[in-house]
K.L.:
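Shown below is the structure under consideration.
Side chains included, hydrogens not; waters and symmetry mates left out as well; all remaining heavy atoms used.
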Amino acid sequence: MYADIIIDITHEKLDRIFQYSIPSHLEGMLEIGMEVVVPFGRGNHPKNGYIIGFSREPSYDRTKLKAIQKAAPGRMSIEARLISLAAWIKEEYGGTMIQALKTVLPVKKETRSRTSSLEQFFLEQKEAARQKQEYERQGGRPVLNKEQQEAADLFREEFCKGVRDTYLLYGVTGSGKTEVYLSMMETVVSQGKQVIVMIPEIALTYQTALRFCERFGDRVAILHSRMSPGERYHQMERVKQGEIQVMIGPRSALFTPFSDLGLIVMDEEHEGTYKSEQVPRYHAREVARKRGELEGASIVLGSATPSVETFFQCEEGTIRKLTLQNRAEGRLPSVRTVDMREELREGHTGIFSRLLLEGIRTRLEKKEQVMLFLNRRGYAGFVSCRSCGYVAMCRHCDVALSEHRGKKLVCHYCGYEENRTNICPKCGSPYIGGFKAGTQKVEELLHKEFPEARVLRMDMDSTKGKEGHRRILETFGAGEADILLGTQMIVKGHDYSGVTLVGVLAADLSLYADDYLAAERTFQLLVQAAGRAGRGEKRGEVIIQTYNPEHYSIQLAATQQYEAFYQKELYYREMMEYPPISHLAAVILSGKDKERLQTAAVYLKKFMEKADRKQEMRVIGPAVPAVEKVSDIYRKVIYLKGKDRKYMARIKDLTEAYIEINRGFSEVKVQFDFHPMNFL
């Protein structure tokens with residue numbers, strides 16, 4: 001046997017892999033990730049390295065290969081444990097070991113950079129944090145209510161007994177999940193262990209981080225995707241020096257090299273941003289549980305609207321559920337839905353319903369704040385009728401067809417096509433087409449209807465740069481704006497007591513995204529949006545505008561009935577054999593030559609069907625994804641559906657081996673993406 005070993009784990013040198021022979025006295029004792037001592041260089045100086053793979057055949061002249069000297073003594077180092085995690089990610093999600101290593105191992109190359117605005121923000125908060133801690137020492141710490149205390153106590157009792165489990169903190173919007181997280185974190189930190197807190201969006205960073213700063217002071221650090229390599233290096237150095245006990249950030253925070261990790265908190269665990277869009281296409285929720293297993297750490301997932309998959313695991317008993325049924329402060333808002341088909345029939349053709357216009361006008365008169373959410377999530381060019389609500393659906397997959405050039409409606413699962421019509425086939429109305437309005441158009445209409453209103457727009461364009469999110473949220477939080485208009489980034493976790501009205505525009509736009517998760521994501525977005533209203537003394541109101549008020553996701557979101565939604569959605573998944581009932585994976589092919597790509601896709605499908613000797617898997621496609629060509633690169637997708645995830649992973653391994661030895665794939669790139677996935 002031979003071992004592939006890396007000597008230096010900086011990103012710049014990960015591609016330099018050395019092969020060593022395994023002496024007989026070490027056979028069967030070595031594992032991927034293990035730290036070993038090897039002779040290195042001309043002088044055969046002993047150096048520590050890390051095993052990243054094994055092979056039965058040498059890649060070089062075996063007479064020139066050196067042998068591993070010994071396994072490094074003591075407990076596996078944090079680097080070794082992270083390499084073991086990378087190996088698991090590679091096996092679970094595909095891609096190469098080098099890609100997995102570059103995902104997991106922190107950047108170690110220092111680059112010069114000035115103090116970032118984010119670091120400056122934390123410097124400014126240190127004094128406030130110290131004052132807050134002094135205030136708490138004098139008895140000012142928030143008192144948990146009964147439900148919060150029971151959840152925190154159960155976690156503390158089990159953690160102190162050495163129990164390391166995965167929990168779902170399932171609580172309605174405004175139930176005070178963050179205070180429970182803080183209590184759990186104090187339990188862990190008091191024992192000298194470290195905590196990772198994962199949040200889904202940059203937009204949440206400032207408001208969320210301040211809460212943790214107030215409790216833990218300068219022991220808190222933060223990561224996010226807009227930091228420079230130098231800024232990230234600085235934070236990792238603070239971790240290395242033992243200055244940090246709490247790391248906050250999105251997916252990348254999960255790989256913080258804490259040496260004694262005790263807890264991983266994953267707030268808003270249902271969010272799609274926890275899924276990587278780059279190879280390896282891992283999901284942070286699954287990787288967090290694996291890291292918890294490797295490190296001996298507990299996992300706490302939190303959400304008012306858990307993913308169907310997570311709630312299913314609660315029902316199956318593999319995740320423990322802790323429930324918060326009531327708001328910590330305030331009351332749940334009243335919710336009303338507006339049927340925009342009726343508005344059209346009564347001659348009102350505007351984007352804002354009459355009820356919403358009146359609601360905004362009333363709040364402006366009372367000097368209260370309004371949030372307007374334009375639901376464009378998952379929009380992929382579906383065609384609907386504004387008169388009756390009809391949507392063109394695939395007759396085979398029960399997902400919305402997407403409009404392509406040439407007036408073709410295409411299913412991105414199976415490739416089914418039909419011609420688009422200019423007349424609604426259900427009611428004969430000419431009001432059929434796609435949704436065209438964006439946030440800029442809505443902002444213009446707001447200024448026209450309410451010229452006196454101070455409007456802030458929050459979307460990808462208005463939040464460019466490091467200061468974008470913070471500037472907008474601080475302005476709105478200070479009461480210096482009347483209306484906050486935005487896409488999904490405004491409905492996630494923000495807590496503003498002055499907001500008494502939330503309006504949802506085009507509530508059903510995400511309902512007809514071209515994937516089976518559309519109803520789940522719509523329900524989650526609507527409940528989260530509704531949760532922004534009425535967090536202060538005054539009760540809030542939510543107005544949901546929709547062309548399909550009969551759909552169960554909209555009806556149950558309006559009444560905040562998650563468990564009723566879960567039961568209906570699970571029944572749908574059972575009928576269609578979608579996760580969590582079955583497993584689903586996408587095989588994504590890309591290349592410059594369209595005909596060669598189609599040929600490769602057909603051959604790959606045939607190979608996978610042949611490799612499935614047990615016939616336990618369905619191979620669907622090849623189909624055209626939502627975006628067929630990006631930067632002159634064409635794409636195709638094949639879907640795999642089956643009951644056994646490990647069996648599907650074996651098919652993946654066989655397929656990767658087939659691709660590696662087949663010259664026909666030399667100009668075609670192939671990626672695997674297992675559910676939960678980012679649909680193309």
K.L.:
Heavy-atom count around Gln615 CD within 6.0 Å, excluding the residue itself: above 12?
P.N.:
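No.
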
K.L.:
Measuring only between side-chain heavy atoms, which start at C-beta, is Tyr516 closer than 4.5 Å to Met576?
P.N.:
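SC-SC contact between Tyr516 and Met576 ruled out.
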
K.L.:
Salt bridge or not for Glu577 and Lys641, using N-O below 4.0 Å?
P.N.:
no

K.L.:
Taking only Lys NZ, Arg NE, NH1 and NH2, and the carboxylate oxygens of Asp or Glu, determine whether Arg345 and Glu342 approach each other closer than 4.0 Å.
P.N.:
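So Arg345 pairs with Glu342 through a salt bridge.
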
K.L.:
Can you tell me how far the CG atom of Asp593 sits from the OG1 atom of Thr599, to the nearest 0.5 Å?
P.N.:
8.0 Å

K.L.:
Using side-chain hydrogen bond (donor to acceptor under 3.5 Å, both in side chains), reason through Glu520 and Gln524 one step at a time and then give a plain yes or no.
P.N.:
CA-CA 6 Å; Glu520 177 181 352; Gln524 289 165 343; 3.2 Å; yes

K.L.:
Salt bridge check: are Glu550 and Arg341 linked by an N-O gap of less than 4.0 Å?
P.N.:
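Salt bridge flag = yes for Arg341 with Glu550.
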
K.L.:
Do NZ/NE/NH1/NH2 and the carboxylate oxygens of Arg573 and Glu569 come within less than 4.0 Å?
P.N.:
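Salt bridge flag = yes for Glu569 with Arg573.
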
K.L.:
Would Arg336 and Glu541 count as a salt bridge (charged side-chain N to carboxylate O under 4.0 Å, His left out) here? Give the steps.
P.N.:
CA-CA 8 Å; Arg336 290 196 279 179; Glu541 180 183 14; 2.7 Å; yes

K.L.:
Working to the nearest 0.5 angstrom, can you tell me the gap between Phe523 CZ and Gln561 CD?
P.N.:
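Here the interatomic distance stands at 8.5 Å.
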
K.L.:
Does the side chain of Ser353 reach to within under 4.5 Å of the side chain of Asp339, using non-hydrogen atoms?
P.N.:
no

K.L.:
Tell me whether Glu609 at atom CD has more than 12 heavy atoms from other residues, nucleotides or ligands lying less than 6.0 Å away.
P.N.:
yes

K.L.:
Do the non-hydrogen side-chain atoms of Leu484 and Ile472 ever get within less than 4.5 Å of each other?
P.N.:
yes

K.L.:
So, do Leu517 and Tyr578 sit near enough that their side-chain heavy atoms are less than 4.5 Å apart?
P.N.:
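Leu517 does not reach Tyr578 side chain to side chain.
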
K.L.:
Are Val504 and Thr546 side-chain neighbours, meaning at least one heavy-atom pair lies under 4.5 Å?
P.N.:
no

K.L.:
Looking at Lys290 and Glu92, is any side-chain nitrogen of the basic one under 4.0 Å from a carboxylate oxygen of the acidic one?
P.N.:
no

K.L.:
Compare all side-chain heavy atoms of Val502 with those of Pro333 and state whether any distance is below 4.5 angstrom.
P.N.:
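No, every pair of side-chain atoms sits at 4.5 Å or beyond.
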
K.L.:
If you measure from CG on Leu604 to CD1 on Ile638, what distance do you get to the nearest 0.5 Å?
P.N.:
5.0 Å

K.L.:
Check the pair Leu356 / Leu372 against side-chain contact (heavy atoms from CB on, under 4.5 Å), numbers first and verdict last.
P.N.:
CA-CA 10 Å; Leu356 183 56; Leu372 292 180; 4.2 Å; yes

K.L.:
So, does Glu616 use its side chain to make a donor-acceptor pair with the main chain of Gly642 at under 3.5 Å?
P.N.:
no

K.L.:
How far apart are the C-alpha atoms of Lys605 and Val587, what are their side-chain angles, what is the distance that settles it, and do they pass the side-chain contact (heavy atoms from CB on, under 4.5 Å) test?
P.N.:
CA-CA 10 Å; Lys605 178 181 181 179; Val587 186; over 6 Å; no

K.L.:
Just by distance, do the side chain of Gln99 and the backbone of Thr96 share a donor-acceptor pair under 3.5 Å?
P.N.:
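Yes: the side chain of Gln99 pairs with the backbone of Thr96.
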
K.L.:
Phe565 vs Tyr562 aromatic rings, parallel, tilted or perpendicular, using cut-offs 30° and 60°?
P.N.:
tilted

K.L.:
Quick check: does any side chain N or O of Ser631 sit under 3.5 Å from a backbone N or O of Ile633, one acting as donor and the other as acceptor?
P.N.:
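No, Ser631 side chain to Ile633 backbone: no donor-acceptor pair under 3.5 Å.
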
K.L.:
Considering only heavy atoms from C-beta outward, does the side chain of Val637 approach that of Asp673 to under 4.5 Å?
P.N.:
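Side chain of Val637 against side chain of Asp673, heavy atoms only: no contact under 4.5 Å found.
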
K.L.:
Looking at Arg281 and Phe674, would you say the former's side chain and the latter's main chain have a donor-acceptor pair under 3.5 Å?
P.N.:
no

K.L.:
Under 30°, 30 to 60°, or over 60°: which ring-plane class applies to Tyr93 and Tyr282, parallel, tilted or perpendicular?
P.N.:
perpendicular

K.L.:
Got a donor-acceptor contact below 3.5 angstrom from the Tyr431 side chain to the Leu344 backbone?
P.N.:
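No, the answer is negative, given that no donor and acceptor are paired below the 3.5 Å cut-off.
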
K.L.:
Measuring only between side-chain heavy atoms, which start at C-beta, is Phe255 closer than 4.5 Å to Val287?
P.N.:
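Of all side-chain heavy-atom pairs linking Val287 with Phe255, at least one is under 4.5 Å.
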
K.L.:
Do NZ/NE/NH1/NH2 and the carboxylate oxygens of Lys652 and Glu656 come within less than 4.0 Å?
P.N.:
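Salt bridge between Lys652 and Glu656, a charged N being under 4.0 Å from a carboxylate O: yes.
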
K.L.:
Please step through side-chain contact (heavy atoms from CB on, under 4.5 Å) for the pair Cys385 and Cys427, ending with a clear verdict.
P.N.:
CA-CA 9 Å; Cys385 176; Cys427 72; 3.8 Å; yes

K.L.:
I'd like to know if Glu343 pairs up with Arg354 as an ion pair, taking the criterion as any Lys NZ or Arg NE/NH1/NH2 lying under 4.0 Å from an Asp or Glu carboxylate oxygen.
P.N.:
yes

K.L.:
Which word best sums up how the rings of Phe607 and Tyr658 line up, parallel for under 30°, tilted for 30 to 60°, or perpendicular for over 60°?
P.N.:
parallel

K.L.:
I need the minimum non-hydrogen distance between Val308 and Tyr566, along with the two atoms involved.
P.N.:
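Heavy-atom minimum between the residues: O-CE1, 3.7 Å.
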
K.L.:
For a quick test of reading the model, state the closest non-hydrogen atom pair linking Gln528 to Ala304 and the distance between them.
P.N.:
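Scanning both residues, the minimum pair turns out to be NE2-CB, 4.1 Å.
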
K.L.:
Are the side chain of Gln545 and the backbone of Ile351 linked by a donor-acceptor contact shorter than 3.5 Å?
P.N.:
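It does hold such a pair.
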
K.L.:
With a 6.0 Å cut-off on the ring centroids, do Tyr170 and Phe311 count as close?
P.N.:
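Yes - the distance between ring centres of Tyr170 and Phe311 falls below the 6.0 Å cut-off.
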
K.L.:
Take Lys594 and Tyr634, measure what side-chain contact (heavy atoms from CB on, under 4.5 Å) needs, and give me the verdict at the end.
P.N.:
CA-CA 6 Å; Lys594 188 175 182 179; Tyr634 291 93; 3.8 Å; yes

K.L.:
Check whether Arg457 reaches the backbone of Thr439 with its side chain - one donor and one acceptor, N or O, closer than 3.5 Å.
P.N.:
no

